[in-house]
Asks: 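Provided herewith is a single structure, encoded as structure tokens, for subsequent inquiry.
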Amino acid sequence: MTMSALGEPCVLLKLGEIVLKGKNRELFERRLIGNIRDALKSVGVQVDVRRRHGVIAIFLPKGATAEQAESVAQRVADVPGLVWIHRAWRVAKDPDTVLKAGLELAGESEVAKRGGTFAVRSRRRDKRFPLSSNELDRLVGGAINDEYKLPVDLSKPDLTVFIEVDRDEVFVFTDGIPGQGGLPVGSSGRALVLMSGGIDSPVAAYRMMRRGLHVDFLHFSGIPFTTSESIYKAYALVKKLDRFQGKSRLWVVPFGKAQQSIRNSGQDRLAVIAQRRLMLKTAEEVAHRIHASALITGDALGQVSSQTLANITAQDNAVDLPILRPLVGWDKTEIMAEARRIGTLEISELPDEDCCSLLAPRRAETRAKIEDLKQIEKRLDAEELCVQLADSIQEYTISAGPP
């Protein structure tokens with residue numbers, strides 16, 4: 001493509017449910033634009049992000065290449081709150097210029113080279129433009145048909161040329177990258193994820209990022225009775241997820257001695273639930289310190305013995321903060337598919353010495369009674385213990401490199 005024919009490369013972003021926010025929409029859009037600017041700092045291209053009616057346009061500096069626009073598009077595709085990312089061309093607001101751009105853009109496509117059907121879909125956000133959307137469709141579509149002999153198919157075309165008339169320019173493009181959807185990270189507050197090295201918790205974290213939560217991560221290590229492998233694995237998972245929100249923090253609790261105390265309590269069948277309650281109590285203490293308003297876990301109902309309805313109820317009783325379980329109705333196949341899509345599955349499947357392996361009774365309780373658990377916690381002085389555990393945490397800032 002030549003710059004003279006197609007103007008300047010840019011990126012056009014389409015919003016999702018943000019447009020339904022009514023009077024609060026501006027707040028969500030401001031948050032989203034801030035997230036976009038933060039994400040693009042890593043690309044190394046100076047951009048101008050502008051909010052338009054229903055879309056956000058990213059303009060690149062004069063002389064920018066299509067490759068740079070592609071890098072920008074790929075990076076913002078990871079930013080929650082966007083449903084489509086279009087690598088577009090910004091052309092002058094003139095029917096003849098738009099016609100030439102649409103014609104050349106269609107000619108660069110594989111459909112024009114190999115054959116197939118096409119459609120032109122125009123939209124006027126600026127009604128002052130001299131041609132209506134239908135007139136623009138017919139003008140550009142007729143020229144494409146004459147030049148490349150492609151048949152029109154308005155239902156399922158192989159190629160679609162999009163033309164969007166805006167306030168100061170016209171955007172022309174042919175394809176797009178699906179976005180993450182959801183809400184801008186940070187628009188719903190802050191939460192703390194109990195992050196194991198498994199498959200479920202990273203997916204749970206991602207799902208809540210899409211609902212507008214900025215999340216921090218808390219990992220329980222079996223140290224001093226296990227190696228540091230689980231910490232490296234948790235760090236790798238958080239780093240993979242950080243592209244969706246930025247400024248992620250990983251907190252690590254040395255939990256081995258606390259597990260030893262639980263094991264020595266003599267309540268073998270209740271050990272797993274007692275451990276989970278202590279983890280939640282410790283997470284609540286950490287959440288208060290970092291001003292997080294909720295806890296997030298990867299629980300899925302009935303997946304393992306600790307995730308029966310009775311045991312989940314017993315865990316909820318341990319803390320006052322809400323516990324969010326975005327995967328509660330998912331099965332393992334669905335969770336694994338999502339983990340594969342967001343890129344965490346391969347890391348989660350790496351072997352490590354998880355702290356949970358230190359407490360593996362032959363038969364775990366599936367209907368834990370809250371009073372029995374409170375008796376164990378009384379003997380352990382759990383309220384004081386969770387404060388001590390919170391005092392012992394170590395912080396890893398993701399942008400600072402591996403631990």
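FYI, side chains are in, hydrogens and waters are out, and symmetry mates aren't considered; it's all heavy atoms of this structure.
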Asks: Show, in sequence, the C-alpha distance, side-chain angles and deciding distance for V165 and R125, and conclude whether the side chain to side chain contact (heavy atoms under 4.5 Å, CB included) test is met.
Replies: CA-CA 6 Å; V165 181; R125 283 189 285 274; over 6 Å; no
Asks: Using the ring of each side chain (for Trp, its six-membered ring), is F255 parallel, tilted or perpendicular to F220, with breaks at 30° and 60°?
Replies: perpendicular
Asks: With a 4.0 Å cut-off, would you call R124 and E135 a salt bridge?
Replies: no
Asks: Looking at side-chain heavy atoms only, is the closest gap between Y396 and V252 below 4.5 Å?
Replies: yes
Asks: Charged N to carboxylate O below 4.0 Å: is that the case for E285 and R289?
Replies: yes
Asks: Side chains of D200 and Q303 only: does a donor on one sit below 3.5 Å from an acceptor on the other?
Replies: yes
Asks: Less than 4.5 Å apart, side chain to side chain, heavy atoms only: is that true for F118 and V152?
Replies: yes
Asks: Looking only at heavy atoms, what is the nearest atom pair of V140 and L99, with distance?
Replies: CA-CD1, 3.9 Å
Asks: Please determine whether the number of non-hydrogen atoms from other residues, nucleotides or ligands lying under 6.0 Å from atom NZ of K332 exceeds 12.
Replies: yes
Asks: Rounded at 0.5 Å granularity, tell me how far CG in D137 sits from CG in L131.
Replies: 10.5 Å
Asks: How long is the gap from NE2 on H53 to CD1 on I56, to the nearest 0.5 Å?
Replies: 13.5 Å
Asks: Let me see the working for D299 and R325 under salt bridge (Lys or Arg N to Asp or Glu O under 4.0 Å), right down to the final yes or no.
Replies: CA-CA 6 Å; D299 293 336; R325 297 181 173 92; 2.8 Å; yes
Asks: Evaluate side chain to side chain contact (heavy atoms under 4.5 Å, CB included) for Q307 paired with V304, printing each intermediate quantity in order.
Replies: CA-CA 5 Å; Q307 295 171 8; V304 294; 3.6 Å; yes
Asks: Could you go through the salt bridge (Lys or Arg N to Asp or Glu O under 4.0 Å) check for D242 and K240 one step at a time?
Replies: CA-CA 6 Å; D242 186 64; K240 178 66 73 171; over 6 Å; no
Asks: Report the C-alpha distance between K233 and E349 in whole Å, list the side-chain angles of each, state the deciding distance to 0.1 Å, and finish with yes or no for salt bridge (Lys or Arg N to Asp or Glu O under 4.0 Å).
Replies: CA-CA 10 Å; K233 188 174 177 182; E349 289 181 331; over 6 Å; no
Asks: Roughly how far apart are T313 OG1 and R367 CZ, rounded to 0.5 Å?
Replies: 10.5 Å
Asks: Using 0.5 Å steps for rounding, measure from the CD1 atom of I290 to the CG atom of L218.
Replies: 8.0 Å
Asks: Return each pair, listed once, that meets side chain to side chain donor-acceptor pair (under 3.5 Å) where at least one residue sits in residues 370-379; pairs must be two or more places apart or across chains.
Replies: R277-E377
Asks: Taking the side chain as everything from C-beta on, heavy atoms only, tell me whether M195 gets closer than 4.5 Å to P202.
Replies: yes
Asks: Given side chains that start at C-beta, do those of S228 and S221 come closer than 4.5 Å, heavy atoms only?
Replies: no
Asks: I'd like to check L15 versus V55 (side-chain heavy atoms, cut-off strictly below 4.5 Å). Are they in contact?
Replies: no
Asks: Should D168 and K93 count as an ion pair when the cut-off is N to O under 4.0 Å?
Replies: no
Asks: Do D381 and E384 come close enough that some side-chain heavy atom pair is under 4.5 Å?
Replies: yes
Asks: Is there a side-chain contact between W251 and Q394 in this structure, where contact means two heavy atoms from C-beta onward sitting under 4.5 Å apart?
Replies: no
Asks: Report yes or no: does Q245 contribute a side-chain atom to a donor-acceptor pair with the main-chain N or O of V215 at less than 3.5 Å?
Replies: yes
Asks: Could you tell me which residues satisfy side-chain contact (heavy atoms from CB on, under 4.5 Å) with F162, sequence neighbours excluded, listed by chain and number?
Replies: R121, T160, F173
Asks: Is there a donor-acceptor contact under 3.5 Å linking the side chains of S306 and N311?
Replies: no
Asks: Any heavy-atom pair between the side chains of R207 and L327 that's under 4.5 Å?
Replies: yes
Asks: Applying salt bridge (charged side-chain N to carboxylate O under 4.0 Å, His left out) between D166 and each of R128, R52, R90, report the one that passes.
Replies: R52
Asks: Could you measure the distance from the CD1 atom of I296 to the CG atom of L213? Nearest 0.5 Å is fine.
Replies: 5.5 Å
Asks: Looking only at side chains, do H219 and S196 share a donor and an acceptor under 3.5 Å apart?
Replies: no
Asks: Just verifying a value: how many Å separate K14 NZ and I85 CD1, rounded to the nearest 0.5 Å?
Replies: 10.5 Å
Asks: Decide whether S155 and D153 meet the rule of one side-chain donor and one side-chain acceptor closer than 3.5 Å.
Replies: yes
Asks: Table please: side-chain donor-acceptor pairs of residues 24-32 below 3.5 Å, with sequence neighbours left out.
Replies:
from	atom 1	to	atom 2	distance (Å)
R25	NE	E29	OE2	2.6
R25	NH2	E29	OE2	3.2
E26	OE2	R30	NH1	3.1
R31	NH2	G186	O	3.4

